[in-house]
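Below is one structure, written out as structure tokens, with a few remarks after it.
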Amino acid sequence: MQFFIDTANLGEIKEAYDLGVLDGVTTNPSLMAKEGISGADNVKAHYKAICNIVDNNVSAEVIATDFDGIIKEGRELAKIDDKIVVKVPMIKDGVKAIKKFSSDGIRTNCTLVFSAGQAILAAKAGASYLSPFIGRLDDISQDGLDLIAQVRHIYDNYGYETEVLAASIRHTMHLIKCAEIGADVATCPLKVIMDLLKHPLTDSGLEKFLADHKKANQ
Ligand code: G3P
């Protein structure tokens, strides 16, 4: 399973990249706003800065919601760097735009996906990635992981090449369950990636190894 980090914070992206396990980055307009990035030129420069840190797969989201606007904005985003994946919302004009980008060889990430029906549409339009939001489904008392399993099953039935990119991951169990189900990618905050390191028996075991080594070498 590939690991993407879900942030626009350059420090966090560097930290995850330095760990050696990062395969990409996802951003969205809220994450860009959180970093205080505004204005088209600043936004483009920030995406370029992200591309300069990682090896590939930087999702940059369009703001336009009409077909012509999505196409224009998506093409501009794609020009920033070959690593850019144009992130398009799951709306009618978004699906049309994904189909167009797919025929033009521009990679896409279909975002704001909350149902299997939406997942089928995105795959048929030729999306490179599909982003079902697990945590936000959990928030409304629907099991987000059930959707990941359902989409995995459907995509495998038909050999759809769209990669399942589990998003809105809130904790390590989400990530581990996604790996069990067979999601192609999980995008999550830095904290979730770092939390994978933690186990109390690792900490106590290391403490004892170091203490024993010290005693033996006094
Ligand atoms: O980037 C999309 C998604 O991962 C957002 O997650 O935590 O805002 O629901 P969250």
Side-chain angles (χ1 to χ4, degrees), residues 1-13 15-17 21-38 43 46-47 49-51 53-54 56-65 70 73-74 77 83-91 94-95 97-98 107-116 118-119 122 127-149 151-152 162-179 181 183-196:
M1 183 168 66
Q2 294 205 311
F3 277 12
F4 291 0
I5 189 167
D6 197 29
T7 183
N9 182 284
L10 299 181
E12 290 183 358
I13 294 167
E15 190 175 340
Y17 184 79
V21 299
L22 194 66
D23 302 294
V25 179
T26 51
T27 62
N28 61 43
S30 303
L31 293 171
M32 292 295 272
K34 194 174 161 197
E35 297 308 311
I37 313 296
S38 61
V43 166
H46 198 75
Y47 283 135
I50 294 174
C51 290
I53 298 172
V54 298
N56 202 350
N57 307 317
V58 176
S59 282
E61 188 158 342
V62 298
I63 304 299
T65 54
I70 296 172
E73 205 183 332
L77 290 170
K83 296 172 191 173
I84 292 284
V85 177
V86 179
K87 203 171 178 187
V88 180
M90 170 38 78
I91 54 176
V95 172
I98 288 168
R107 292 185 296 159
T108 54
N109 174 355
C110 182
T111 189
L112 289 166
V113 171
F114 295 95
S115 77
Q118 293 176 328
S128 316
Y129 296 98
L130 179 91
S131 289
F133 281 25
I134 300 176
R136 292 193 195 184
L137 279 171
D138 288 359
D139 290 345
I140 59 160
S141 302
Q142 284 185 30
D143 190 342
L145 288 164
D146 280 352
L147 177 60
I148 302 295
V151 174
R152 177 75 283 152
T162 302
E163 295 196 53
V164 180
L165 193 171
S168 187
I169 287 182
R170 303 276 168 79
H171 47 71
T172 55
M173 280 312 293
H174 269 158
L175 192 147
I176 292 161
K177 289 286 174 196
C178 282
I181 292 165
D184 299 290
V185 189
T187 189
C188 46
L190 180 65
K191 182 181 182 304
V192 176
I193 297 175
M194 292 305 174
D195 280 353
L196 292 173

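As the structure lists them, so they are numbered: ligands from 1, and atoms in each ligand from 1.
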With a cut-off of 3.5 Å and sequence neighbours excluded, list every side-chain donor-acceptor pair involving residues 5-13.
{"unit_1": "Asp6", "atom_1": "OD1", "unit_2": "Thr26", "atom_2": "OG1", "d": "2.7"}
{"unit_1": "Thr7", "atom_1": "OG1", "unit_2": "Asn9", "atom_2": "N", "d": "3.0"}
{"unit_1": "Thr7", "atom_1": "OG1", "unit_2": "Glu12", "atom_2": "OE1", "d": "3.1"}
{"unit_1": "Asn9", "atom_1": "OD1", "unit_2": "Gly11", "atom_2": "N", "d": "3.0"}
{"unit_1": "Asn9", "atom_1": "OD1", "unit_2": "Glu12", "atom_2": "N", "d": "2.8"}
{"unit_1": "Asn9", "atom_1": "ND2", "unit_2": "Glu35", "atom_2": "OE1", "d": "3.1"}

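With sequence neighbours excluded, the residues satisfying side-chain contact (heavy atoms from CB on, under 4.5 Å) with Met173 are His171, Ile176, Lys177. Taking the side-chain contact (heavy atoms from CB on, under 4.5 Å) definition, one finds that Val192 meets it with Ile169, Thr172, Leu175, Cys188, Pro189, sequence neighbours left out.
Residues Leu137 and Phe133 have side chains not in contact (no heavy-atom distance under 4.5 Å, counting atoms from C-beta outward). Taking 4.5 Å as the limit, some side-chain heavy atom of Leu145 sits within range of a side-chain heavy atom of His174.
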Output, or 'none' if empty, a list of ligand 1-protein atom pairs in which both atoms are N or O and the distance is under 3.5 Å, rounded to 0.1 Å.
{"unit_1": "ligand 1", "atom_1": "1 (O)", "unit_2": "Asp6", "atom_2": "OD1", "d": "2.9"}
{"unit_1": "ligand 1", "atom_1": "1 (O)", "unit_2": "Asp6", "atom_2": "OD2", "d": "3.3"}
{"unit_1": "ligand 1", "atom_1": "1 (O)", "unit_2": "Asn28", "atom_2": "ND2", "d": "3.0"}
{"unit_1": "ligand 1", "atom_1": "1 (O)", "unit_2": "Lys87", "atom_2": "NZ", "d": "3.4"}
{"unit_1": "ligand 1", "atom_1": "4 (O)", "unit_2": "Asp6", "atom_2": "OD2", "d": "2.5"}
{"unit_1": "ligand 1", "atom_1": "4 (O)", "unit_2": "Ser168", "atom_2": "N", "d": "2.8"}
{"unit_1": "ligand 1", "atom_1": "7 (O)", "unit_2": "Arg170", "atom_2": "NE", "d": "3.3"}
{"unit_1": "ligand 1", "atom_1": "8 (O)", "unit_2": "Arg136", "atom_2": "NH2", "d": "2.8"}
{"unit_1": "ligand 1", "atom_1": "9 (O)", "unit_2": "Arg136", "atom_2": "NE", "d": "2.7"}
{"unit_1": "ligand 1", "atom_1": "9 (O)", "unit_2": "Ser168", "atom_2": "OG", "d": "2.7"}
{"unit_1": "ligand 1", "atom_1": "9 (O)", "unit_2": "Arg170", "atom_2": "NH2", "d": "3.0"}

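When the options Asn57, Asp184, Asn109 are evaluated for a side-chain hydrogen bond (donor to acceptor under 3.5 Å, both in side chains) with Tyr129, the one that passes is Asn57.
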